[in-house]
Peer 1: 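Below you will find the structure I want to go over with you.
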Amino acid sequence: MSVEKKLESLGLSLPKPPKPVAAYIPAVKTGNVIFISGQIPVVEGKVRYKGKVGQDISVEEGYEAAKICALNALSIIKDIVGSLDKVKRIVRIVGYVNCTEDFEEPHKVVNGASEFLVKIFGEKGRHARLALGSNALPLGAAIELEMIVEVEE
């Protein structure tokens with residue numbers, strides 16, 4: 001089953017690639033590696049989850065926000081290489097969680113992206129990862145996610 005069919009079976013579809021909110025490009029492809037700029041949980045041009053996890057946003061809502069960030073990153077990959085079936089490996093993700101000073105579970109929030117990627121890509125979706133707490137993110141987003149992906153030439 002193609003990756004996009006798998007997404008459809010989960011009731012999901014790829015959004016249009018989000019437009020940058022500052023002076024950067026969505027991704028850089030060098031050789032067979034794509035470096036995806038930080039993605040926030042934007043749905044139809046609006047930030048879906050704003051605020052601090054542990055105060056305004058629950059861990060469960062942060063988890064869902066991380067899935068949206070990963071889906072936005074996948075839309076950028078498709079835009080660059082034409083098909084998500086060309087993904088050889090999700091190499092690494094970094095998740096920044098906008099949270100309170102005493103919040104100790106950014107890893108549980110970023111699991112939203114990690115578990116989603118494994119569900120979509122299987123073993124190719126297993127990746128190295130970093131999950132960090134932050135005191136602020138662009139546009140007040142609850143999470144920002146960057147990704148490094150290996151693709152077929």
Side-chain angles (χ1 to χ4, degrees), residues 3-4 7 10 12-84 86-101 103-121 124-151:
V3 173
E4 288 181 60
L7 285 170
L10 297 171
L12 300 170
S13 60
L14 286 176
K16 290 183 180 178
K19 298 200 183 308
V21 297
Y24 63 90
I25 58 176
V28 171
K29 182 177 183 284
T30 181
N32 64 339
V33 178
I34 299 174
F35 294 82
I36 300 164
S37 295
Q39 298 300 305
I40 58 177
V42 170
V43 176
E44 296 179 0
K46 295 182 180 173
V47 179
R48 168 79 51 94
Y49 293 95
K50 282 184 158 191
K52 293 194 175 293
V53 180
Q55 177 180 300
D56 313 303
I57 304 283
S58 69
V59 170
E60 295 76 21
E61 290 170 315
Y63 183 98
E64 291 303 314
K67 284 170 51 177
I68 293 169
C69 294
L71 194 60
N72 285 339
L74 296 183
S75 73
I76 293 168
I77 295 166
K78 182 180 179 193
D79 193 51
I80 292 170
V81 297
S83 170
L84 292 177
K86 291 185 178 181
V87 172
K88 286 177 76 174
R89 180 85 193 222
I90 306 296
V91 177
R92 182 173 194 244
I93 68 172
V94 177
Y96 303 91
V97 179
N98 182 2
C99 60
T100 59
E101 274 184 40
F103 185 73
E104 296 180 350
E105 298 182 316
H107 58 288
K108 289 184 179 178
V109 173
V110 180
N111 277 350
S114 293
E115 292 172 3
F116 173 70
L117 292 168
V118 171
K119 189 174 210 171
I120 298 302
F121 292 103
K124 297 188 299 185
R126 295 198 184 280
H127 51 270
R129 182 180 100 173
L130 179 63
L132 297 169
S134 173
N135 69 342
L137 291 173
L139 305 179
I143 183 169
E144 184 170 7
L145 186 83
E146 64 178 79
M147 192 180 299
I148 301 171
V149 179
E150 180 185 12
V151 295

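All values below were derived from every heavy atom in this structure, side-chain atoms included, with hydrogens, water molecules and symmetry-related copies excluded.
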Peer 1: I'd like to check the side chain to side chain donor-acceptor pair (under 3.5 Å) partners of T100; sequence neighbours left out, ordered by chain and number.
Peer 2: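 T100 satisfies side chain to side chain donor-acceptor pair (under 3.5 Å) with D102 only.
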Peer 1: Using atom types as modelled and distance alone, determine if a side-chain donor or acceptor of S75 lies under 3.5 Å from a backbone N or O of N72.
Peer 2: yes
Peer 1: So which atom in K108 and which in E105 form the shortest heavy-atom distance, rounded to 0.1 Å?
Peer 2: NZ-OE2, 2.7 Å
Peer 1: Hey, what do you get for CD1 (I90) to OG (S114), rounding to the nearest 0.5 Å?
Peer 2: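 Spacing of CD1 (I90) from OG (S114) equals 10.0 Å.
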Peer 1: Any chance you could measure L74, atom CG, to I120, atom CD1, to the nearest 0.5 Å?
Peer 2: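 Result: 7.5 Å between the selected atoms.
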Peer 1: Of the non-hydrogen atoms in C99 and G133, which two are nearest, and what is the gap between them?
Peer 2: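 The pair with the smallest heavy-atom distance is SG-CA, 3.6 Å.
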Peer 1: Please report the closest heavy-atom contact between N98 and G51, naming both atoms and the distance.
Peer 2: ND2-O, 3.3 Å
Peer 1: Can you tell me how far the CZ atom of F35 sits from the CD atom of E146, to the nearest 0.5 Å?
Peer 2: 10.0 Å
Peer 1: Do L139 and V21 come within less than 4.5 Å of each other through their side chains, counting heavy atoms only?
Peer 2: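 With C-beta onward as the side chain, the pair touches.
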Peer 1: Nearest 0.5 angstrom please: Y63 OH to Y49 OH, how far?
Peer 2: 12.5 Å
Peer 1: Is the closest side-chain heavy-atom distance between K86 and I77 below 4.5 Å?
Peer 2: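 Not in contact.
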Peer 1: How close do C69 and L145 get, heavy atom to heavy atom, and via which atoms?
Peer 2: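 For C69 versus L145, the nearest heavy atoms are CB-CB, 3.7 Å.
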Peer 1: Roughly how far apart are I76 CD1 and L71 CG, rounded to 0.5 Å?
Peer 2: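 These two atoms lie 10.5 Å from each other.
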Peer 1: Taking the side chain from D56 and the backbone from K52, do they hold a donor-acceptor pair closer than 3.5 Å?
Peer 2: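 Yes, the answer is positive, given that a donor and an acceptor are paired below the 3.5 Å cut-off.
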Peer 1: Tell me yes or no: between the side chains of R89 and N32, is some donor less than 3.5 Å from an acceptor?
Peer 2: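 Not at all, the side chains of R89 and N32 share no donor-acceptor pair under 3.5 Å.
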Peer 1: Does Q39 reach the main-chain N or O of S37 with its side chain, forming a donor-acceptor pair under 3.5 Å?
Peer 2: yes
Peer 1: State the CG-NZ distance between L7 and K119, to the nearest 0.5 angstrom.
Peer 2: 11.0 Å
Peer 1: Which heavy atom of A65 sits nearest a heavy atom of I143, and at what distance?
Peer 2: CB-CG2, 3.6 Å
Peer 1: Under a 3.5 Å distance rule, please check whether K124 uses its side chain to pair with a backbone N or O of V87 as donor and acceptor.
Peer 2: yes
Peer 1: So do K29 and V151 actually touch side chain to side chain, heavy atoms under 4.5 Å?
Peer 2: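 With C-beta onward as the side chain, the pair touches.
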Peer 1: Using the rule given for side chain to side chain contact (heavy atoms under 4.5 Å, CB included), can you reason through L137 versus I40, listing the C-alpha separation, both sets of side-chain angles and the distance that settles it, and then say yes or no?
Peer 2: CA-CA 9 Å; L137 291 173; I40 58 177; 5.6 Å; no
Peer 1: Tell me, yes or no, whether the heavy-atom count around K78 atom NZ, taken from other residues, nucleotides or ligands under 6.0 Å, exceeds 12.
Peer 2: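 Open: at most 12 neighbouring heavy atoms sit under 6.0 Å from NZ of K78.
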Peer 1: Does any N or O in the side chain of R48 come within less than 3.5 Å of the main-chain N or O of E64, such that one atom is a donor and the other an acceptor?
Peer 2: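 Side chain of R48 to backbone of E64: no pair is present.
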